[in-house]
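Read the structure below first, then the notes.
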Amino acid sequence: MNKVKSIKNICCIGAGYVGGPTMAVIAQKCPHINVHVVDLNEQRIADWNDADLDKLPIYEPGLAEVVAEARGRNLKFSTDVEKAIDEAELIFISVNTPTKTYGVGKGMAADLKFIELCARQIAKVAKDDKIIVEKSTLPVRTAEALRTILHSTGNGVKFEILSSPEFLAEGTAIQDLHNPDRFLIGGAPTESGEAAVQALVDVYLNWVPRENIVTTRVWSSELSKLTANAFLAQRVSSINAISALCEKTGADVDEIAHAIGKDSRIGAKFLKSSVGFGGSCFQKDILNLVYLCRHFNLPEVADYWEQVIKMNDYQKHRFSKNIIDTLFNTVSGKKIAFLGWAFKKDTNDTRESAAIYVADELLQDRAEIHVYDPKVSEEQIYADLEYLQTNRRPQTVIASETKQSVEYSTLSMEEIRSLVTVHKDPYTAMESAHAIAVLTEWDEFKTYDWGKVYNEMLKPAFVFDGRNIVDKDQLDVIGFEIYNIGKGN
Ligand code: UDX
Ligand code: UDX
C-alpha cells in the first residue's frame, strides 16, 4: 500500500456528536466520495434518517442544512457495520471513549472497549488493505494497540493507522468544520504511512487550505488532542479561580478578562468565568492525561493538571453552596428554577454539565428543582441525575471556609422524579420559585419578561447567574437579589 490511494468510499463507525457532523460535512464538501456512517444504536440511525430534520439525534446549528444537502446523495446512515467496513478504503472510528467506571484506572483512564470492539470487527471483515483513522480522543499509543489487534488475523490484509483528532466544539461544530483553525493528521514515518496521510490530506483539501492541515507522527497527534483540551480547560479554571477572589474583593471578573484578553500573548477567548466547564471532553481528557503522567511516574506533572479539575469541582460546589447559604442555610422544600441544563448553549448535549452537579448538591438538601432547557429532553435530565447517583467521582473539593465536605447519599429514581420537575415553558418553571439558577448561557434567557417573572416569584426573589448573561442592572432595578459569578459588591 505505498502508492497514494484515491479515496472513493469512507466509512465512519459511530454516529454521535463527532462522527455525525464531521461525516456530514465531508460528504457535503466531497460529492465524489460515498460516506457511510454506521452505528450500533438503531434508534440513533433511524433519527439520522428521519425525513423530519428536527428529529436529528443531535441539535447543532446548521447541521440540518448540511444533512439535507448530502443525505441520499453520497451520505448514508445505517446499522450495517460489516458492509460499510467492507466497502470502504478509509474508516474513521468515532465511537465514544468514556472514563472507565470499573477496574484498573477506574474514574481516570479512558475505557477503550468500544475501540477494541471496532478493531476486532474491522479485522474480521476486511478483505483488502485499509486506512484506519482514529477520530475519537484516545490516550497516547492507542494506535499501537489498534495495530496489534488489526494485524492479528494473519490473512495478509494491511492496515495503516492514522490519528486525526477532532477539534470541533459543540454548538459551533458546522462552522468549525467548514473553517477549521487546523485539521491534524498523525501518521507513521514510513512510505506506506506517508501515503495514507496523503490520502487523508487529499480528502480534507476539498475545502481546507493546505496550510491549515498539520501533519505529525501518530503519538504527537494523539497527545496534541489531550494537550489542547487541557490548555483550554486550564484557561477556564484559571479565570474561575480569579472569580472567587473577585467576589471577596469587589473586583469584576469580566472586566479583568477583558483587560487581560487585550494582551495578544493571552488572547480574548476562553476567559469567560462560569459555574464550571462541562462537556464530554475536558474532564475526561485531563483525567486521562493525569493517568498517563502517573503511569510514567511523573507525579508533579499529574498533580499540576489534576488541579484544573479540582478547581472546576470547587467552582460548581461554591455555586451550589452559595445558593444554600443565601437561602438562609437550607433549600429543603424550596422551589429552585434551573434555566438551562445543557453544558453550553446551542447544543442538546448534557455530558458533564455543571447543572447536573449543582442539582445533585441541592437535591442532597431536598430542594425541589424545576428545570427548563430549550433543547434537552425530560428523560435525559432524569437519566443524567440517575447516572450520577452510582457514578460519583470522589469529590476532591471541600469549601475552605467550612472544611465541610458534602455527605452524598444515593437518591432513588423515585426520589429524583418526585423532587425534579421538567418544564416546557420557562415561566411556569420560575413561577412561585424561591430562586432562579442560570446554568447555561442560552440567548433566549436574555429576552425574557423579567418584570413578569419577578411578580410571580416569592420574595425576596433571588437569581444566581452562573453564566453572567442576564442583564444585572435591569434585574437590580426590578428588585431581584442577584448573585453573579466573580462580581463582588
Ligand atoms: C466523542 C468523541 O468521539 C470522543 O473523542 C470524545 O472524547 C467523546 O465523545 P461523541 O461522538 O461525542 O464521541 O460520542 P457519542 O455521541 O456517544 O457517539 C458515539 C457513537 O458511537 C454512539 O452513537 C454509539 O452508539 C456508537 N458506538 C459505540 C458504536 O456504533 N459502536 C460501538 O462499539 C460503540
Ligand atoms: C471542547 C474543545 O473546545 C474542542 O476543541 C474539543 O474537540 C472538544 O472539547 P466542547 O466541549 O464542545 O469542545 O465545548 P467548549 O466550547 O470547549 O466548552 C467546554 C466547556 O467550557 C463548556 O461547558 C463551556 O461553557 C465552558 N467554557 C468555555 C467556559 O466556562 N468559559 C469559557 O470561556 C469557554
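Remember, it's 1-based here, ligands and their atoms both numbered in the order they're listed. What you see below is based on every heavy atom in this structure, not just the backbone, and it leaves out hydrogens, waters and symmetry mates.
Checking only distances, Leu40 does come within under 3.5 Å of ligand 1, N or O to N or O.
A tilted orientation is assigned to the rings of Phe282 and Phe270, their planes being inclined by 30° to 60°.
Listed by chain and residue number, Lys124 satisfy the salt bridge (Lys or Arg N to Asp or Glu O under 4.0 Å) test with Glu82 (two or more places apart in sequence, or in another chain). Contacts of Asp373 classified as side chain to side chain donor-acceptor pair (under 3.5 Å), with partners at least two apart in sequence or in another chain: Trp442. Residues satisfying the ring-ring contact (aromatic ring centres under 6.0 Å, His included) test with His151, not counting sequence neighbours, are Phe159.
Enumerated by chain and number, the residues approaching ligand 2 to less than 4.0 Å through a heavy atom are Glu166, Phe167, Leu168, Ala169, Glu170, Lys225, Asn229, Leu232, Val236, Phe270, Leu271, Lys272, Ser274, Phe277, Gly278, Cys281, Phe282, Phe343, Lys344, Arg467.
Residue contact check: Thr97 has heavy atoms under 4.0 Å from atoms 7 (O) of ligand 1. The distance from ligand 1 to the heavy atoms of Asn41 drops below 4.0 Å at these ligand atoms: 25 (O). Using a 4.0 Å cut-off to heavy atoms of Ser94, the atoms of ligand 1 that qualify are 3 (O), 19 (C). Here is the list of ligand 1 atoms found below 4.0 Å of a heavy atom in Gly14: 20 (C), 21 (O), 26 (C). Residue contact check: Asn96 has heavy atoms under 4.0 Å from atoms 14 (O), 17 (O), 19 (C), 21 (O), 28 (C) of ligand 1.
The closest side-chain donor-acceptor pair between Asn74 and Asn34, if any, does not fall under 3.5 angstrom.
The main-chain N or O of Ala169 is found under 3.5 Å from a side-chain atom of Asp176 such that the two form a donor-acceptor pair. Lys130 places a side-chain N or O within donor-acceptor distance of the main-chain N or O of Ala88, the cut-off being under 3.5 Å.
A cation-pi arrangement is present between Arg182 and Phe167, with the terminal nitrogen or guanidinium carbon under 6.0 Å from the aromatic centre and inside a 45° cone about the axis.
Checked options Ile256, Ile242, Asn240; the residue passing with Ser273 is Asn240 (criterion: side chain to side chain contact (heavy atoms under 4.5 Å, CB included)).
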